[in-house]
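Notes for the one structure printed next.
Convention: sequence-line order gives letters A, B, ...; per-chain numbering from 1. All values below come from the heavy atoms of this structure, side chains included, with hydrogens, waters and symmetry mates left out.
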Amino acid sequence: MEQLESIRVQKLQQIRALGIDAYPTEYRYTHTVPQVVEQFGGKTAEELEHGPATIRVAGRIVANRPFGKAGFLGITDAGEKVQVYAKKDQLAERDFQLYLLLDLGDLIGVEGTLFRTRTGELTVLAKQISFLAKSFLPLPEKWHGLTDVEIRYRRRYVDLVVNPEVRGVFVKRSLIIREIRRFLDDAGYFEVETPVLHTVAGGALAKPFRTHHNALDMPLYLRIALELHLKRLIVGGLNRVYELGRIFRNEGISWKHNPEFTMLEFYQAYSNYEDLMDMTEELLKKVVQTVNGSPVITYDEQQIDFSRFTRLSMREAIVKFSPEPVTIEDVKDRAKVEALLKKLHAEYDPKAPVGNLVGSLFDAVAEKHLVQPTFIYDHPIELSPLSKIKTSDPSLVERFELYVGGMEIANAYSELNDPVDQRERFESQLKAREGGDEEAHQMDEDYIRALSYGMPPTAGEGIGIDRLTMLLTNSKSIRDVILFPLMRAEE
RNA sequence: GGGCCGUUAGCUCAAUUGGCAGAGCAACUGACUCUUAAUCAGUAGGUUGGAGGUUCGAUUCCUCCACGGCUCACCA
């Protein structure tokens, strides 16, 4: 290892000895590698002869096939590759000496003319080679590449150089986010940024990360949701707001959980959760169509169609997917729900209120079947301390979750805007907290004060950007759509 | 946190019953002015993740530890 490195350090010395600046500050290219491929990829050998006199292009060397007094280089940039032909009689002596000192991984600029080789490959005939930067560490082997997932996550920079499909995933992620922003901006939304450091970690049921501010000697939490600040802004009259940001939950890591992840939350005044169901369909249809070119995606060998959304109440979903026969009426009966959970060997807390049991039953019975886009609506009140009660059934709230590919992608509700009711809900969460539920909601006095000034009827929604990206890139792990997933420290 | 599996050269992988740790690519030296995983000849590269143990002898068997993967639980 040290040998490989020291050889390359010596080569850099030799390059300097040729009078070449080892670390120049710029390279003025006329074309990027993808532009070369796009503009000239379709041209014939004859057409190339009458093309532009010279082009300048820069990239990283990923292949080198020398032939004594000539050689072929493959250079890559922005996910595309182009071949360079370095020929002694076409180059200044110094540039050919430089060519002989190049290694895989080095960054160079090439000025030359385009032609096709005998085998028809588009190639830059180098007239001038500029050295841009040295690679001291060797890239992974050309044929098998880098497959060790641990190194791929830890050294994402190498992963991105050698695995072009990884680049494609993150390009797509960026497109998804861009389309979402465009959709919301066009719908009259206002993008905002709210604090990441919270004195009360609220807006979701989750364990927060703790930190501390020295100057104020104050304990702080990293936010677990965007919700409560965005609703304060609704109180303030920003009637359509969204934030696209990182949130942090101090919980387990799995194929669909990373401790920090990206959430979109948006709030719309004078609307309810049914309005958001309609809007979510429209949003996802548009994003999937634009990013994927079709409303139908393939995820884990299954076709998922974003042009057709199903809507089921949570109770209906339990009835539909339960392996044991149940009726809607049974799901309202605590004894029957508990009996069914026992029969299914599902884990649940026997002291928990009936709403939580219904939630457990849903998870046990229905979630994995929800592959096609499905809205599950009307959740038990106990699971939803910030949602508005359904007037026709006070045991339920106006809430929905969207499931796709067996994953929860979105969560939305008609926002509770009654400060008295909100205080009571927080108080019952506090009781759960005292009973040992670390994820129960904390009291947020300022939020109640905000509601006390009056909040219009409002609907709000959160969409997990990482999971949406997993679906659209056919990724089996959330870590494949996060550039730098959390890992233990090395050594 | 539980269970299962993995860790050998820069990368991808071998190594029989416990018996001298190997290959391909990358690297180095040489030949070669149209190659496509270029080819040919040669060279070098290792505390087998770490620490103990069993044994004449451990990559191989045992224990512990570190890191990772899958999976279950929790969660979005």
Side-chain angles (χ1 to χ4, degrees), chain A residues 1-8 10-11 45 62-74 81 83-91 96 99 103-105 115-123 125-126 135-155 158 162 203-207 224-225 247-265 346-349 359-360 363-364 367 383 401-404 406-411 437-439 462-468 470 476-479 485 487-491:
Chain A
M1 189 66 225
E2 293 79 21
Q3 263 184 353
L4 291 171
E5 226 177 311
S6 71
I7 287 165
R8 292 189 177 202
Q10 278 171 28
K11 282 187 178 176
V62 291
N64 184 18
R65 290 180 287 274
F67 290 88
K69 298 190 185 64
F72 291 92
L73 290 170
K81 205 190 283 186
Q83 184 167 262
V84 171
Y85 188 30
K87 213 175 168 189
K88 193 168 166 46
D89 59 20
Q90 294 288 318
L91 287 164
F96 192 73
Y99 165 71
D103 285 301
L104 296 184
F115 76 107
R116 281 196 187 277
T117 61
R118 262 175 220 158
T119 51
E121 180 155 351
L122 180 68
T123 302
L125 177 61
S135 171
F136 293 120
L137 299 174
L139 290 174
E141 186 230 338
K142 60 187 170 189
W143 190 238
H144 297 93
L146 180 65
T147 60
D148 183 320
V149 290
E150 180 176 356
I151 300 180
R152 286 189 43 227
Y153 295 148
R154 288 192 193 275
R155 304 188 202 168
V158 177
V162 299
L205 308 180
K207 286 177 227 162
I224 57 172
I247 65 178
F248 308 85
R249 297 190 183 175
N250 204 342
E251 290 169 352
I253 294 175
S254 79
W255 64 279
K256 52 178 171 173
H257 299 91
N258 194 64
E260 52 179 305
F261 61 104
T262 302
M263 183 80 108
L264 164 72
E265 287 194 26
E347 284 204 18
Y348 67 99
D349 177 1
S360 302
D363 290 344
E367 188 173 2
L383 301 175
E401 291 174 302
L402 174 65
Y403 287 86
V404 186
M407 287 189 285
E408 187 188 332
I409 296 300
N411 179 24
D437 183 354
E438 282 183 79
E439 290 170 9
I463 294 181
I465 297 300
D466 310 274
R467 290 185 179 179
L468 181 60
M470 286 170 69
K476 306 299 173 303
S477 168
I478 197 166
R479 306 179 125 201
M487 305 284 280
R488 280 178 208 270
E490 284 185 87
E491 291 155 335

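Qualifying ring pair (Phe, Tyr, Trp, His ring centres under 6.0 Å) partners for A:Y153, counting only residues two or more places apart in sequence or in other chains: none. Every residue two or more places apart in sequence or in another chain was checked for a side chain to side chain donor-acceptor pair (under 3.5 Å) with A:S360, and none qualifies. Residues satisfying the salt bridge (Lys or Arg N to Asp or Glu O under 4.0 Å) test with A:E401, not counting sequence neighbours, are A:R399. Looking at residues two or more places apart in sequence or on another chain, you find a side chain to side chain donor-acceptor pair (under 3.5 Å) between A:R467 and A:H257. Taking A:F96 as the reference, A:Y99 meet the ring pair (Phe, Tyr, Trp, His ring centres under 6.0 Å) condition, with sequence neighbours excluded. Under the rule for a side chain to side chain donor-acceptor pair (under 3.5 Å), the partners of A:K11 that lie at least two apart in sequence or sit in another chain are A:D103. For A:R155, the side chain to side chain donor-acceptor pair (under 3.5 Å) test picks out no residue, with sequence neighbours left out.
Here B:A76 presents its P atom at 14 Å from CH2 of A:W255, a figure rounded to the nearest Å. Taking atom CG on A:L137 and atom P on B:G10, their separation rounds to 12 Å, with Å as the unit.
Sorted by first and then second residue, the salt bridge (Lys or Arg N to Asp or Glu O under 4.0 Å) pairs involving residues 251-262 of chain A (not counting sequence neighbours) are A:R246-A:E260, A:K256-A:E367.
Remark: RNA chain B forms stems of 3 or more consecutive Watson-Crick or G-U wobble pairs, all pair distances under 3.5 Å, at B:1-7 with B:66-72, B:10-13 with B:22-25, B:27-31 with B:39-43, B:49-53 with B:61-65.
Between A:R65 and B:U35 there is no side-chain polar atom (N or O) within less than 4.0 angstrom of OP1 or OP2. Contact annotation: A:R152 does not reach the phosphate of B:G68 (side-chain N/O to OP1 or OP2, under 4.0 Å).
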Could you list, one pair per line, each protein nitrogen or oxygen that sits under 3.5 Å from a nitrogen or oxygen of nucleotides 1-6 of chain B, together with the distance?
none

Polar atom pairs between nucleotides 28-31 of chain B and protein, under 3.5 Å, N or O only, would you list them?
unit_1, atom_1, unit_2, atom_2, d
B:C28, OP1, A:K11, NZ, 2.3

List every contact pair, protein side and nucleotides 22-25 of chain B side both N or O, where the distance is under 3.5 Å.
unit_1, atom_1, unit_2, atom_2, d
B:G24, N2, A:E141, OE1, 3.3
B:C25, O3', A:K142, NZ, 3.4

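If you check distances only, the side chain of A:T117 does reach the base of B:U35 with a donor-acceptor pair under 3.5 Å.
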